[in-house]
Amino acid sequence: MTSSIFRPPYLEFHDEVHDFPLKSVSLEALIQKKAAGRRKRYAGVQVWGTPKKMTSARSKEPVTITWIVDPTQDERYEPDGPQIATTEEICREEADRLGLKYVVIRGAAHETRNIYVDGRTVTVWDASTGRYANMQREADSHFTVYMGRSKTELLLQGHIYVVWDSLKFGGLDTMTDPVKQRKHVSAEDGERPVAHEYWSLTKDALPAKSC
């Protein structure tokens, strides 16, 4: 059995060489699939707060931000605090850079990542909760997101890496020098010190970027 610690069973998307995937997935379908994989009853998409349409500072185009996780479960995120606004701003600008209009935040800043073996998530029994949980290992601070054109047309899943900086608004900042700032990069598992990384949401081939 071969092991790949961080690589999901989807093709990695590089905006320099790839056009967007031809097939999209709706948010509802993604949540329903995850519930089935965890043997949980599907209870619909649980949105935290109200989706926000925010104008990008770069292109002045609107980007909608939706949370499907409660960030205040992490004590570093204060209710209605600047950490939430900063997370949304970083995600908004990254979506705009890619030319996408919809972001689903499924993980506020955190320092763990799933472990995969042969493309499958490794799970372990958690006696404290009476459920299986994903096995994880230490990682650099990042957001976990879905991105696309709308909630019914999501194209990418991935990570946006950030740094905690008390001098910045909300204590968070974009990662500008990942070669120096990334501390948990496994070259033997095919990782590179990048500031963001994305995968498709289906296993179809990614089209090459048109000239």
Side-chain angles (χ1 to χ4, degrees), residues 2-27 29-30 33-34 54 56-66 87-107 109-110 112-121 137 139-163 173-211:
T2 58
S3 174
S4 180
I5 298 299
F6 280 168
R7 319 317 290 173
Y10 298 95
L11 295 176
E12 189 165 0
F13 171 86
H14 300 281
D15 59 284
E16 304 92 347
V17 298
H18 293 130
D19 273 339
F20 291 124
L22 298 176
K23 292 184 179 180
S24 61
V25 183
S26 72
L27 177 58
L30 287 169
K33 181 180 178 181
K34 284 188 174 295
M54 306 168 67
S56 170
R58 188 181 67 88
S59 70
K60 308 304 180 184
E61 292 293 325
V63 175
T64 300
I65 306 291
T66 298
T87 297
E88 293 172 342
E89 180 181 347
I90 291 172
C91 290
R92 176 196 67 192
E93 293 304 310
E94 176 60 7
D96 186 68
R97 183 188 72 81
L98 291 169
L100 296 173
K101 304 304 177 189
Y102 203 94
V103 181
V104 179
I105 303 176
R106 50 186 291 242
H110 57 288
T112 57
R113 292 182 63 169
N114 292 341
I115 293 177
Y116 298 87
V117 172
D118 292 338
R120 294 180 179 273
T121 308
R137 60 169 284 185
D140 297 295
S141 294
H142 62 282
F143 311 141
T144 302
V145 299
Y146 295 132
M147 288 190 183
R149 299 186 180 99
S150 70
K151 68 178 180 180
T152 60
E153 193 179 1
L154 298 175
L155 299 168
L156 302 174
Q157 59 184 320
H159 303 134
I160 302 172
Y161 288 92
V162 294
V163 292
D173 197 12
T174 53
M175 186 171 283
T176 56
D177 190 350
V179 172
K180 293 182 179 179
Q181 293 171 310
R182 291 283 302 274
K183 306 300 180 186
H184 303 283
V185 178
S186 175
E188 64 185 30
D189 288 305
E191 284 198 294
R192 296 166 295 109
V194 295
H196 39 71
E197 55 194 357
Y198 302 104
W199 295 268
S200 63
L201 285 164
T202 71
K203 297 181 181 179
D204 298 288
L206 289 168
K209 201 173 190 70
S210 56
C211 297

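In this chain, numbering begins with 1 at the start of the sequence shown.
Two residues are said to be in side-chain contact when any heavy atoms from C-beta on lie closer than 4.5 Å; L30 and L201 meet this criterion. Here the side chains of L156 and L100 are in contact, with some heavy-atom distance below 4.5 Å. A heavy-atom distance below 4.5 Å is not found between the side chains of T66 and K151. The shortest side-chain heavy-atom distance between V162 and M175 does not fall under the 4.5 Å cut-off. A heavy-atom distance below 4.5 Å is found between the side chains of V194 and R182.
Although no hydrogens or angles enter the test, the distance criterion places a donor-acceptor pair under 3.5 Å between the side chain of H110 and the main chain of H142.
Atom OH of Y161 and atom CD of E94 lie 12.5 Å apart (nearest 0.5 Å). To the nearest 0.5 Å, atom CD1 of residue I105 and atom CD1 of residue I90 are 9.5 Å apart. Taking CG from L154 and CZ from R149, the interatomic distance works out to 11.0 Å, rounded to the nearest 0.5 Å. Atom OH in Y198 sits 8.0 Å away from atom CG in D15 (nearest 0.5 Å). Here CG of L155 is found 8.5 Å from OG of S150. Values are rounded to the nearest 0.5 Å. Going from atom CD of E197 over to atom NE2 of H14 covers 9.5 Å, rounded to the nearest 0.5 Å.
Note on E191 versus R137: no salt bridge recorded, every NZ/NE/NH1/NH2 to OD/OE distance being 4.0 Å or above.
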Task: Verdict with reasoning, Q181 to D140, per side-chain contact (heavy atoms from CB on, under 4.5 Å) - done: CA-CA 9 Å; Q181 293 171 310; D140 297 295; over 6 Å; no
- [ ] Any chance you could lay out the side-chain contact (heavy atoms from CB on, under 4.5 Å) test for L22 and D204, step after step, and finish with the verdict?
- [x] CA-CA 8 Å; L22 298 176; D204 298 288; over 6 Å; no
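Nearest approach of P21 to S200, heavy atoms of both residues: CG-CB, 4.1 Å. Minimum interatomic distance between K101 and P62 (heavy atoms only, all atoms of both residues): CD-O, 3.5 Å.
Each of V63, V103, D96 was checked for a side-chain contact (heavy atoms from CB on, under 4.5 Å) with C91, and the lone residue meeting it is V103.
Using modelled atom types and a 3.5 Å distance limit, the side chains of H196 and H159 yield no donor-acceptor pair.
Taking the six-membered ring where tryptophan is involved, the planes of F20 and F13 are essentially parallel, since the angle between them stays under 30° and well short of 60°.
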